[in-house]
Trainee: 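Quick one: this structure, given as structure tokens, is what I'll be asking you about.
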Amino acid sequence: MANIKDKDINALDTWNIKELRKLKIMSKNRISALELAPKKEVAKSHPLFGMGIGECKDLIDQIQKAEKILSK
């Protein structure tokens, strides 16, 4: 499994396809969790720490753009 804990979310162009896929899945799961329990927090070491639903959706858009670039 891809290790994304130490990766920079602001530099998605340096990520590989497996890491991007894992981050996208984590983001979708985070959105689902926040819809059920809005105050639920993740650990500070988690890549999505402090992000809300809107930020996670924006991140998914950025991930999809990065995936398209990698697939070319």
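Because only heavy atoms are used, hydrogens play no part in the values below, and waters and symmetry mates are left out as well, while side chains stay in. No experiment lies behind these values; they were computed from the predicted model shown.
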Trainee: Between atom CG of Leu20 and atom NZ of Lys7, what is the distance when rounded to the nearest 0.5 Å?
Mentor: 8.5 Å
Trainee: For residues 30-53, dump all side-chain donor-acceptor pairs below 3.5 Å to protein atoms at least two apart in sequence or in another chain.
Mentor:
{"from": "Arg30", "atom 1": "NH1", "to": "Lys40", "atom 2": "O", "distance (Å)": "3.2"}
{"from": "Arg30", "atom 1": "NH2", "to": "Lys40", "atom 2": "O", "distance (Å)": "2.8"}
{"from": "Ser32", "atom 1": "OG", "to": "Lys28", "atom 2": "O", "distance (Å)": "3.3"}
{"from": "His46", "atom 1": "ND1", "to": "Leu48", "atom 2": "N", "distance (Å)": "3.0"}

Trainee: What do the steps show when you test Trp15 against Ile4 for side chain to side chain contact (heavy atoms under 4.5 Å, CB included), and what is the final call?
Mentor: CA-CA 9 Å; Trp15 293 42; Ile4 63 171; 3.6 Å; yes
Trainee: If you measure from CG on Asp61 to NZ on Lys24, what distance do you get to the nearest 0.5 Å?
Mentor: 10.5 Å
Trainee: Taking only residues two or more places apart in sequence or in another chain, which ones pass side-chain contact (heavy atoms from CB on, under 4.5 Å) with Gln62?
Mentor: Leu12, Leu59
Trainee: Rounded to the nearest 0.5 Å, what separation is found between the NZ atom of Lys18 and the CZ atom of Arg21?
Mentor: 7.5 Å
Trainee: Going from CD1 on Ile60 to CD1 on Ile25, what distance comes out if it is rounded to the nearest 0.5 angstrom?
Mentor: 10.5 Å
Trainee: Write down the atom of Glu19, the atom of Asn3, and the distance for their closest heavy-atom approach.
Mentor: OE2-O, 3.9 Å
